[in-house]
Amino acid sequence: MVWISLMLVGTGFFLIWFWAKLVKNPRTVLPLRKEGSFIQEKNIVVKDSCIREFSILFSAGSSKLEKEAMDLLRAEWEPKIISQIGYIQLFGSADVSGHLAKNRRLVKERVRNVNKYLLSLGISNDKINQTFLEPIYGKSPELRRLLRSVKIQYKIET
């Protein structure tokens with residue numbers, strides 16, 4: 001018991017002595033880096049970007065790009081815009097009316113035809129990604145018409 005009380009008293013005296021030394025020396029915190037040795041950091045400008053999307057509609061049972069679709073694609077991508085494109089994502093879809101295998105083939109053909117036309121406009125192939133969606137059921141004639149499409153989503157970097 002005597003030993004325990006001596007240890008507690010001794011620890012208390014040690015803490016008081018240590019605290020007194022800290023108060024006398026105001027610079028108790030060690031510097032993290034030497035004065036005059038600064039690391040230069042480069043400023044990185046993050047480019048603003050804008051994601052846009054639109055759809056190209058196709059006739060039932062067809063994968064042929066019509067004149068209106070080509071005009072829309074040409075109008076959307078002027079040479080100035082093409083140089084700022086970060087990526088283009090093509091989503092092909094179809095409705096389930098008809099034979100399932102034929103609809104799957106139509107989805108792939110539609111996306112490939114749009115891809116081929118974009119390449120002819122001067123867009124780099126490495127910026128274009130293709131996604132082939134499974135044909136789905138459209139509850140109304142209007143929804144089925146909208147499902148026969150290639151949705152184009154792209155990012156403009158400024």
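Residue numbers count from 1 along this sequence.
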**Message:** I want to check something: taking the side chain as every heavy atom from C-beta on, are Leu73 and Glu76 in contact at a cut-off of under 4.5 Å?
**Reply:** no

**Prompt:** Taking only residues two or more places apart in sequence, or in another chain, which ones meet Glu53 in a salt bridge (Lys or Arg N to Asp or Glu O under 4.0 Å)?
**Reply:** Lys151

**Message:** Is it the case that the side chains of Tyr117 and Arg74 hold a donor-acceptor pair, with the cut-off being a distance below 3.5 Å and no angle test?
**Reply:** yes

**Hydrophobic cluster identity match, Leu133 and Phe54, side-chain contacts under 4.5 Å** = no

**Message:** Applying a strict under-4.5 Å side-chain criterion to I, L, V, M, F, W and Y, I'd like to know whether Leu90 and Phe132 cluster together.
**Reply:** yes

**Message:** Quick one, Asp95 and Arg148 - any side-chain contact, counting heavy atoms below 4.5 Å?
**Reply:** yes

**Message:** How long is the straight-line distance from CD1 of Ile56 back to CD of Glu68, given to the nearest 0.5 Å?
**Reply:** 10.5 Å

**Prompt:** With side chains defined as the heavy atoms from C-beta onward, is the minimum distance between Arg105 and Glu109 less than 4.5 Å?
**Reply:** yes

**Item:** pair Ile85-Ile156: side-chain heavy atoms closer than 4.5 Å
**Value:** yes

**Item:** Check: Leu106 and Phe58 side chains under 4.5 Å, non-hydrogen atoms
**Value:** no

**Message:** What's the separation between atom CG in Leu65 and atom NZ in Lys116, rounded to the nearest 0.5 Å?
**Reply:** 9.5 Å

**Prompt:** Any side-chain heavy atom of Leu118 within less than 4.5 Å of one from Trp77?
**Reply:** yes

**Asked** Quick one: CD on Gln84 to SG on Cys50, what's the gap to the nearest 0.5 Å?
**Response** 10.5 Å

**Request:** Please determine if Glu142 and Arg145 form a salt bridge, counting it only when a charged side-chain N lies under 4.0 Å from a carboxylate O.
**Result:** yes

**Message:** Taking the side chain as everything from C-beta on, heavy atoms only, tell me whether Arg112 gets closer than 4.5 Å to Lys108.
**Reply:** yes

**Prompt:** Is a donor on one side and an acceptor on the other found under 3.5 Å between the side chain of Arg110 and the backbone of Gly92?
**Reply:** no

**Request:** Kindly indicate whether the side chain of Gln130, heavy atoms from C-beta on, has any atom under 4.5 Å from the side chain of Asn115.
**Result:** yes

